[in-house]
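Each residue takes its place number in the sequence, starting with 1. Values in this document were obtained by computation on a predicted structure and should not be read as measured data.
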Amino acid sequence: MQIRAFGYDNSLNASQPVQDNLSLFPLESRIGGLHPQHHELLYIIEGTLRITINNITYRMTGPAVLLIPLNTSHHLQFLSRIYRYTYWELQDDASETFPIPSDCETWNRLQADSDGSLPAVRAVYERIHALHQILMADWMSKQPELTRQISYSDIQAILALIRHVAKPDAKLYGKTSHPPVNRIASTVETVEILVRWMESSYWENFTLQKLCEYAHLNSSYLIRTFKACKGVSPLQFLNNLRMSAAEKYLLESNMSVQDIAHATGFQTIHYFSRLFKQKYGKSPAHWRSEHKKTTSDSD
């Protein structure tokens, strides 16, 4: 993928009166066309708009991120006088990075229908807004090569998140479809996203339902996919993370076993102690006593 162009536009002059009739808006508020050689990533920062992409019309209010595949007719009309948007034109002939047209349609529809509450969608907004803020800094205006490098790195991550949300087996509208067998790359991405999420907040109150909602997958498929990638189920992986953290607490702190259980995300000390004994053959207190003695003897 290559960054062909990057652009930014503000709204109409704020001193002009608001017009209710769209026909009174100047032509500058109407954007679109056809890009035979490149895709477009359009970030609507603020404002309400109507956009038609291949005869499908969406109405949405920023923040919103729109995907326009190459050779796709599109027409955009702002319905509010105040608006801001940024766009990137992307060359990706093999479509290795940019989502396929059907996934673009799924994602664009989600932008119109969703309130942005899905964690992965919020992550897209946060990532692209941070990129926009960097690129709009005064000192960046004289750094075209740095602009391309930063855009390339962040857009790769943004598109990966979008592909994750828009994949065919995603549960977006209360409907669950059977996962296709040719989505190995996407399932691996999904598992890695879940792994990073659990690693960064293993102490939170995770449930299988919460993980399924985050990944937009049904429970049986998520467990099967996760186990194929990591060798254990999602909750087993989570408990292993918690046990590793508990080991550190037992060895390197004076916290009580009950406090350690709470700090590592276990709901009760009894559940923590039972899992710990299953894994180590000893209670947490006994294990701590033996290992702390061994450590002091070696010193």
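- Closest heavy-atom contact between Thr72 and Pro69: OG1-O, 2.9 Å.
- Here the CZ atom belonging to Arg127 is positioned 6.5 Å from the CD1 atom belonging to Ile158, to the nearest 0.5 angstrom.
- In this pair, His129 and His132 present their aromatic rings tilted. The plane angle is within the 30 to 60° band.
- One N or O on the side chain of His291 and one on the backbone of Trp287 form a donor-acceptor pair closer than 3.5 Å.
- The line from CG of Leu275 to CD of Gln236 is 10.5 Å long, rounded to the nearest 0.5 Å.
- Ion pairing between Glu252 and Arg288 fails under the 4.0 Å rule for side-chain N and carboxylate O.
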Pair Tyr152-Gln156, side chain to side chain donor-acceptor pair (under 3.5 Å): steps then yes or no: CA-CA 6 Å; Tyr152 178 84; Gln156 290 272 35; 2.8 Å; yes
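- Of the possible donor and acceptor atoms, one in the side chain of His39 sits under 3.5 Å from a partner among the backbone N and O of Leu70.
- Between Gln133 and Met140 there is no side-chain heavy-atom pair separated by less than 4.5 Å.
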Passes side-chain contact (heavy atoms from CB on, under 4.5 Å), Leu41 versus Ile68? Steps please. CA-CA 6 Å; Leu41 180 66; Ile68 304 171; over 6 Å; no
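- A donor-acceptor pair shorter than 3.5 Å cannot be found between the side chains of Glu105 and Ser102.
- Of all non-hydrogen atoms in Met255 and Ala263, the two that sit nearest each other are CE-CB, 3.9 Å.
- Distance CZ/Phe266 to CG/Asn205: 12.5 Å, rounded to 0.5 Å.
- Atom-to-atom distance recorded for His75:NE2 and Ile53:CD1 is 12.0 Å, nearest 0.5 angstrom.
- Between Ser219 and Leu208, the closest side-chain pair of non-hydrogen atoms falls below 4.5 Å.
- Counting all heavy atoms, side chain and backbone alike, Leu161 lies closest to Ala123 at CD1-CB, 4.0 Å.
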Run the numbers on Tyr202 and Asn239 for side-chain contact (heavy atoms from CB on, under 4.5 Å), then give the verdict. CA-CA 8 Å; Tyr202 63 85; Asn239 281 338; over 6 Å; no
Before giving the answer on side chain to side chain donor-acceptor pair (under 3.5 Å), spell out for Glu247 and Ser244 the whole-Å C-alpha distance, their side-chain angles and the decisive distance to 0.1 Å. CA-CA 5 Å; Glu247 282 185 41; Ser244 296; 5.0 Å; no
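- Between Pro284 and Leu250 there is a side-chain heavy-atom pair separated by less than 4.5 Å.
- For Met243 against Phe276, the heavy-atom pair with the smallest separation is CE-N, 3.2 Å.
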Show your reasoning for whether side-chain contact (heavy atoms from CB on, under 4.5 Å) applies to His262 and Ile269. CA-CA 8 Å; His262 178 74; Ile269 186 175; over 6 Å; no
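- When side chains are defined from C-beta on, Leu238 counts as touching Arg242, because their heavy atoms get closer than 4.5 Å.
- Phe226 and Phe237 have perpendicular rings, their planes meeting at more than 60° on a 0 to 90° scale where under 30° would count as parallel.
- Counting heavy-atom neighbours within 6.0 Å of Lys277 NZ, excluding the residue itself, gives a total of 12 or less.
- Side-chain rings of Trp197 and Phe206 approach one another, their centers coming within less than 6.0 Å.
- Within the 3.5 Å criterion, the main-chain N or O of Lys210 finds a donor-acceptor partner in the side chain of Thr207.
- To the nearest 0.5 Å, atom CD1 of residue Ile51 and atom CG of residue Leu76 are 4.5 Å apart.
- At least one side-chain heavy atom of Val165 sits less than 4.5 Å from a side-chain heavy atom of Trp107.
- Rounding to the nearest 0.5 angstrom, the gap separating the CG atom in Leu222 from the CG atom in Leu194 is 6.0 Å.
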Stepwise, does the side-chain contact (heavy atoms from CB on, under 4.5 Å) test hold for Tyr43 with Ile128? CA-CA 8 Å; Tyr43 172 38; Ile128 200 168; 3.7 Å; yes
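- A pairwise comparison of heavy atoms in Ala261 and Thr268 identifies CB-O, 4.4 Å as the closest pair.
- Counting heavy atoms of neighbouring residues, nucleotides and ligands inside a 6.0 Å radius, atom CD of Gln258 does not exceed 12 of them.
- When side chains are defined from C-beta on, Met60 does not count as touching Thr48, because their heavy atoms never get closer than 4.5 Å.
- For the pair Gln91 (side chain) and His38 (backbone), a donor-acceptor distance under 3.5 Å is absent.
- The number of heavy atoms from other shown groups lying within 6.0 Å of NZ (Lys248) does not exceed 12.
- Atom CD of Gln278 is surrounded by more than 12 heavy atoms from other residues, nucleotides or ligands within 6.0 Å.
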Checking Ser283 against Ser273 for the side chain to side chain donor-acceptor pair (under 3.5 Å) test, could you report, in this order, the C-alpha distance in whole Å, the side-chain angles of both residues, the deciding distance, and whether it holds? CA-CA 6 Å; Ser283 69; Ser273 297; over 6 Å; no
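- The two atoms that bring Thr264 and Ala245 nearest to each other are CG2-CB, 3.8 Å, heavy atoms only.
- Side-chain atoms of Asn108 come within 3.5 Å of backbone atoms of Leu67 as a donor-acceptor pair (strictly under, hydrogens ignored).
- Proximity of Leu66 to Leu49: side-chain heavy atoms (C-beta onward) are separated by under 4.5 Å at one or more points.
- Side-chain contact between His74 and Glu40: present, with at least one pair of heavy atoms (C-beta onward) separated by less than 4.5 Å.
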Take Thr106 and Asp103 through the side chain to side chain donor-acceptor pair (under 3.5 Å) test and state the conclusion after the steps. CA-CA 5 Å; Thr106 298; Asp103 288 356; 4.9 Å; no
